[in-house]
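Report on the structure given below.
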Amino acid sequence: MSDQGWLADTRTSYDTVAVSYAGQLRDALAGEPYLRAILALFADIVHAAGGGPVADVGCGPGHVAAHLGKLGVNAFGIDLSPAMVDVARRDHPGLRFGVGSMTDLDLADASVAGLLAWWSLIHVPDDEVPTVFGHFWRVLRPGGLLLLGFHVGDESRLKTQGYGGLPMKVHVHLRQPARVSAWLRDAGFTVEAQMLLDLDESVAGAVLFARRQP
Ligand SMILES: C[S@@+](CC[C@H](N)C(=O)[O-])C[C@H]1O[C@@H](n2cnc3c(N)ncnc32)[C@H](O)[C@@H]1O
């Protein structure tokens with residue numbers, strides 16, 4: 001699959017589901033105490049390091065960036081899907097959102113204190129992950145914190161519909177935390193914490209905290 005192919009398919013898919021996705025996920029964090037605790041920990045560590053801008057890359061409809069905003073984080077969002085960005089701007093007019101891809105991240109070097117990719121790296125094929133982590137390392141300040149959330153597993157699935165039966169054509173890449181950690185170390189990060197979630201569900205989740213060394 002060409003780079004343009006998967007990016008275009010992913011963009012079109014999330015453009016199609018953006019409004020429905022936002023409707024289903026808008027209040028999801030209210031029922032997710034572990035995820036809220038992880039985001040609060042992320043916010044605490046960013047604050048303790050002096051604060052600064054935090055990029056939510058693959059932000060979708062912006063509810064996670066908005067949650068971080070309520071925790072006092074100077075969060076802004078970037079997403080591949082223009083329709084998702086439209087919804088995010090509509091729902092969270094006080095925050096900044098822009099269209100962009102994590103494979104070609106249009107942020108200045110060392111410009112953010114923190115960066116999260118919250119179940120968005122799941123759509124990036126393996127051979128693009130080192131490029132993405134290179135961008136994450138480049139845009140984070142020395143000492144900056146990276147937070148990744150993703151599905152755990154060993155296979156890639158093609159999702160053909162979702163969020164109310166709407167048509168999608170998007171690959172979802174499940175990964176083992178050890179594999180993602182190895183990519184992070186290769187990119188120059190130190191992995192500081194790993195958490196596993198939903199262990200009895202059919203698809204578990206993992207969260208990694210990693211740091212660009214000062
Ligand atoms: C499963 S949704 C997660 C959205 C949000 N982070 C959340 O937790 O609800 C995946 C999001 O990643 C975005 N995405 C996929 N590939 C991307 C890329 N290469 N660059 C930026 N965003 C991307 C999609 O448009 C979509 O909004």
Side-chain angles (χ1 to χ4, degrees), residues 1-32 34-36 38-39 42 54-69 73 75-92 95 97-107 112 114-136 139 146-152 156-159 161-164 166 168-175 197-198 203 205-207:
M1 193 183 0
S2 75
D3 178 69
Q4 276 307 312
W6 77 264
L7 267 182
D9 287 344
T10 304
R11 182 187 295 114
T12 302
S13 295
Y14 279 102
D15 279 349
T16 302
V17 304
V19 170
S20 175
Y21 184 102
Q24 291 186 17
L25 273 290
R26 185 173 288 119
D27 300 319
L29 281 173
E32 297 284 359
Y34 296 102
L35 296 185
R36 290 201 312 277
I38 287 165
L39 293 170
F42 177 72
V54 166
D56 179 357
V57 180
C59 62
H63 59 294
V64 176
H67 182 82
L68 288 171
V73 174
F76 64 98
I78 295 172
D79 200 277
L80 180 65
S81 155
M84 279 291 197
V85 169
D86 285 347
V87 171
R89 287 175 176 153
R90 180 198 70 191
D91 286 359
H92 309 288
L95 297 184
F97 295 97
V99 176
S101 175
M102 66 179 83
T103 53
D104 187 20
L105 198 53
D106 188 16
L107 293 174
V112 298
L115 188 153
L116 71 156
W118 198 244
W119 278 269
S120 54
L121 186 72
I122 58 174
H123 300 306
V124 174
D126 287 358
D127 60 356
E128 294 276 349
V129 172
T131 299
V132 168
F133 284 176
H135 281 294
F136 289 176
V139 305
L146 173 65
L147 178 62
L148 297 178
F150 55 94
H151 298 306
V152 176
S156 295
R157 300 173 176 177
L158 177 62
K159 189 175 170 83
Q161 61 169 0
Y163 311 104
L166 297 169
M168 301 183 83
K169 184 181 174 191
V170 64
H171 285 86
V172 181
H173 305 289
L174 284 62
R175 293 174 172 128
L197 304 159
D198 302 325
V203 180
V207 168

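Atoms within each ligand, like the ligands themselves, are counted from 1 in listed order. Starting from 1, each residue takes its place in the sequence as its number.
- Qualifying side chain to side chain donor-acceptor pair (under 3.5 Å) partners for Ser101, counting only residues two or more places apart in sequence or in other chains: Thr103.
- Inter-residue side-chain proximity for Val207 and Phe150 is flagged as unmet; no heavy-atom pair is nearer than 4.5 Å.
- The ring pair (Phe, Tyr, Trp, His ring centres under 6.0 Å) check on His123 picks up Tyr14, with sequence neighbours excluded.
- Distance check: Leu39 CG to Glu32 CD gives 10.5 Å after rounding to the nearest 0.5 Å.
- Side-chain contact between Leu148 and Phe133 is present, with heavy atoms from C-beta onward closer than 4.5 Å.
- For Phe76, there are no ring pair (Phe, Tyr, Trp, His ring centres under 6.0 Å) partners two or more places apart in sequence or in a different chain.
- Near ligand 1, residues Trp6, Leu7, Thr10, Tyr14, Tyr21, Gly58, Cys59, Gly60, His63, Asp79, Leu80, Ser81, Met84, Gly100, Ser101, Met102, Trp118, Trp119, Ser120, His123 each place a heavy atom inside the 4.0 Å sphere around the ligand atoms.
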